[in-house]
Amino acid sequence: MLDPKLLRNDLDKVITNLARRGFDFPAKEYKALELSRKKLQVRAEDLRADRNAQSKVIGKAKAAGEDIAPLLQNAEKLGVDLDSVDTELNQLQVELNTLLMEAPNLLDESVPDGKDETCNQEERRWGDIVDLNFNALDHVDLAEALNMLDSAKATKISGARFTVLYKDLARLQRALIQFMLDLHTTEHGYTEVYVPYIVNANSLFGTGQLPKFADDLFALKGEQDFYLIPTAEVPVTNLFQDSILDSDSMPQSFVAHTPCFRSEAGSYGKDTRGLIRQHQFEKVELVHVVKPEDSWATLELLVTHAESVLKQLELPYRVVTLCSGDTGFGAAKTYDLEVWLPSQKAYREISSCSNFLDFQARRMQARWRNKSSGKNEHVHTLNGSGVAAGRALVAILENGQQSDGSIALPSILHQYMGGQETIPAK
RNA sequence: GGAGAAGUGGCUGAGUGGUCGAAAGCGCUCCCCUGCUAAGGGAGUAAGGGUCAAAAGCCCUUCGAGGGUUCGAAUCCCUCCUUCUCCGCCA
């Protein structure tokens with residue numbers, strides 16, 4: 001959520017900034033609502049103050065045994081007035097709040113302008129792209145030839161965009177997850193955490209998926225307020241909802257492995273083949289909660305943590321800064337890691353690392369006690385994939401494929417595969 | 001799933017219709033006293049919001065959540081949630 005004070009004091013700045021995303025902030029509507037809100041709120045509070053004062057007088061009069069009937073009449077009228085003002089005010093506040101909750105975060109100045117992903121800015125590349133001198137297959141052909149992937153079965157038992165993995169491929173995914181968790185806990189200092197895969201709407205408001213992106217979520221049917229998580233970011237960041245951290249207990253960083261569930265509404269026809277875009281996929285997620293002054297340095301650090309996964313997996317990748325039009329709703333700035341896929345002869349997103357500043361913290365009331373100012377201030381939150389396991393699986397298959405149809409596994413994973421160095425050809 | 005009990009500030013805990021945003025204690029902060037330590041004395045110490053350029057001040061809201069009764073609710077009524085105990089079931 002944007003800072004309401006900023007909206008009141010420097011609305012133009014907000015309008016200009018959000019326009020870079022292609023977001024048209026409804027300034028006129030906002031101004032009108034805000035003006036009425038101010039009037040009504042002041043009036044409501046005045047009435048309430050009057051009523052409180054009246055009630056005290058009644059209390060005293062009653063205690064003194066005086067006749068309170070005339071006083072009651074007056075107080076009753078105040079109550080009626082207050083009711084009607086309250087009703088109007090509540091409705092206004094719902095409208096204002098919706099407007100605020102639907103506005104994206106301000107972009108950092110360093111974010112390049114651009115309409116879509118074609119304008120993203122490449123920062124650096126790592127790794128050698130191996131020119132496969134045989135007829136390279138994509139991961140689906142490779143895995144099916146090995147009898148380790150079955151989309152048809154998954155479609156039968158669930159539907160499109162699900163998959164069934166068998167044998168070495170299933171184990172390889174598990175190995176990847178273990179490796180990533182170990183790397184981040186032992187080398188990067190993250191605290192491992194296990195969290196629920198089902199969350200309530202409030203948590204999704206906190207991290208910004210709701211109210212705007214309900215269509216991207218799987219909601220459990222029935223009256224209950226339950227959603228499948230689209231990313232571990234939701235439960236992990238919400239560990240801090242409605243809490244005040246001691247400045248000594250910061251920064252905090254967590255790593256969690258969870259499945260992620262996304263409806264992929266609006267992506268019909270995109271990446272329909274294989275594991276790239278599934279309703280259910282595995283991901284290892286990194287989350288930071290830091291003091292405001294540290295968040296930009298933490299973003300750079302976070303990216304290197306995600307990069308180190310790809311380096312150790314010996315997968316060529318590049319880092320891009322998302323342009324203004326491609327940066328997600330809550331992020332002030334995002335770096336994507338894109339891994340090389342030989343079958344597509346392209347880099348594809350495998351990790352996304354973002355600084356949310358106080359945008360999520362304000363929504364979920366996550367604060368810390370600033371010793372020097374003595375005030376409670378919002379924390380800054382960041383998160384990044386470290387990395388998406390499903391896509392890492394794709395990258396390992398495609399980059400490790402040999403001319404005989406076997407898959408050479410990155411050496412770091414051998415220990416997690418019981419010493420196995422390849423997935424042999426069938 | 002059944003039966004019972006309970007949810008109050010950082011913590012413990014008092015408070016059953018009106019000067020209660022809430023006694024007391026602990027903790028914490030500052031000050032004083034003290035040769036050191038121990039102990040003692042005093043003051044302060046919830047959050048969110050509005051008004052204001054800002055501060056001060058003033059005001060509003062919040063005693064698990066949401067509704068209701070009332071001039072007035074921590075206190076009475078209803079619904080829900082959570083926790084604890086016992087029983088049942090269960091990975």
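Below, read A as the first sequence line, B as the second, and so on, with proteins coming before strands; counting in each chain starts at 1.
Base pairing analysis places B:rU29 opposite B:rA43; the two distances defining the Watson-Crick or G-U wobble pair are each below 3.5 Å. In this structure B:rA14 sits in no base pair that meets the Watson-Crick or G-U test at under 3.5 Å. Base pairing annotation: B:rU69 forms no Watson-Crick or G-U wobble pair, as no partner gives both donor-acceptor distances under 3.5 Å. The base-pairing partner of B:rA91, taking Watson-Crick or G-U wobble contacts with both distances under 3.5 Å, does not exist among the strands shown. Pairing for B:rU37 is absent, with no Watson-Crick or G-U wobble pair whose two atom distances lie under 3.5 Å. Of the nucleotides present, none pairs with B:rG21 by Watson-Crick or G-U wobble criteria with both distances under 3.5 Å.
Comparing B:rA3 with B:rU12, their P atoms sit 29 Å apart, to the nearest whole Å. For the C1' atoms, the distance linking B:rG25 with B:rU83 amounts to 25 Å, nearest Å. Using atom C1' as the reference point in both B:rG40 and B:rA22, the two lie 29 Å apart (nearest Å). With both ends at atom C1', the span from B:rA5 to B:rG64 equals 16 Å, rounded to whole Å. Here the separation of B:rG88 from B:rA74, taken at their P atoms, is 42 Å to the nearest Å. Comparing the same atom, P, in B:rU70 and in B:rC11 gives a spacing of 36 Å after rounding to whole Å. For B:rC60 and B:rG72, the C1' atoms lie 16 Å apart once the distance is rounded to whole Å.
Taking for each of A:Ala53 and A:Gly59 the nucleotide of RNA chain B with the nearest heavy atom, the 5'-most of the two is the partner of A:Gly59. When each of A:Ile58 and A:Asp46 is assigned the nucleotide of RNA chain B with its nearest heavy atom, A:Asp46 is the one assigned upstream, toward the 5' end.
Of the candidates A:Arg391, A:His257, A:Gln173, A:His257 is the only one forming a side chain to side chain donor-acceptor pair (under 3.5 Å) with A:Glu282.
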| task | Between protein and nucleotides 61-70 of chain B, map the contacts as a letter string: B base, S sugar-phosphate only, - none, heavy atoms under 4.0 Å, written 5' to 3'. | result | S---------
| Sequence-aligned protein contact record of nucleotides 43-48 of chain B, with B where the base is within under 4.0 Å of a protein heavy atom and S where only the sugar-phosphate is | ----SS
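Within 3.5 Å, no donor on the side chain of A:Lys56 pairs with an acceptor on the base of B:rG18, nor the reverse.
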Where do N or O atoms of nucleotides 50-56 of chain B meet protein N or O atoms at under 3.5 Å, pair by pair?
{"from": "B:rG50", "atom 1": "OP1", "to": "A:Arg8", "atom 2": "NH1", "distance (Å)": "3.0"}
{"from": "B:rG50", "atom 1": "OP1", "to": "A:Arg8", "atom 2": "NH2", "distance (Å)": "2.6"}
{"from": "B:rG50", "atom 1": "O4'", "to": "A:Gln41", "atom 2": "NE2", "distance (Å)": "3.1"}
{"from": "B:rG50", "atom 1": "O3'", "to": "A:Arg37", "atom 2": "NH2", "distance (Å)": "2.8"}
{"from": "B:rU51", "atom 1": "OP1", "to": "A:Arg37", "atom 2": "NH2", "distance (Å)": "3.1"}
{"from": "B:rC52", "atom 1": "OP2", "to": "A:Lys38", "atom 2": "NZ", "distance (Å)": "3.3"}

| task | Determine, step by step, whether A:Arg8 and A:Glu34 satisfy the side-chain contact (heavy atoms from CB on, under 4.5 Å) criterion, reporting the C-alpha distance in whole Å, the side-chain angles of both residues, the deciding distance to 0.1 Å, and the verdict. | result | CA-CA 8 Å; A:Arg8 272 174 234 161; A:Glu34 175 57 20; 3.3 Å; yes
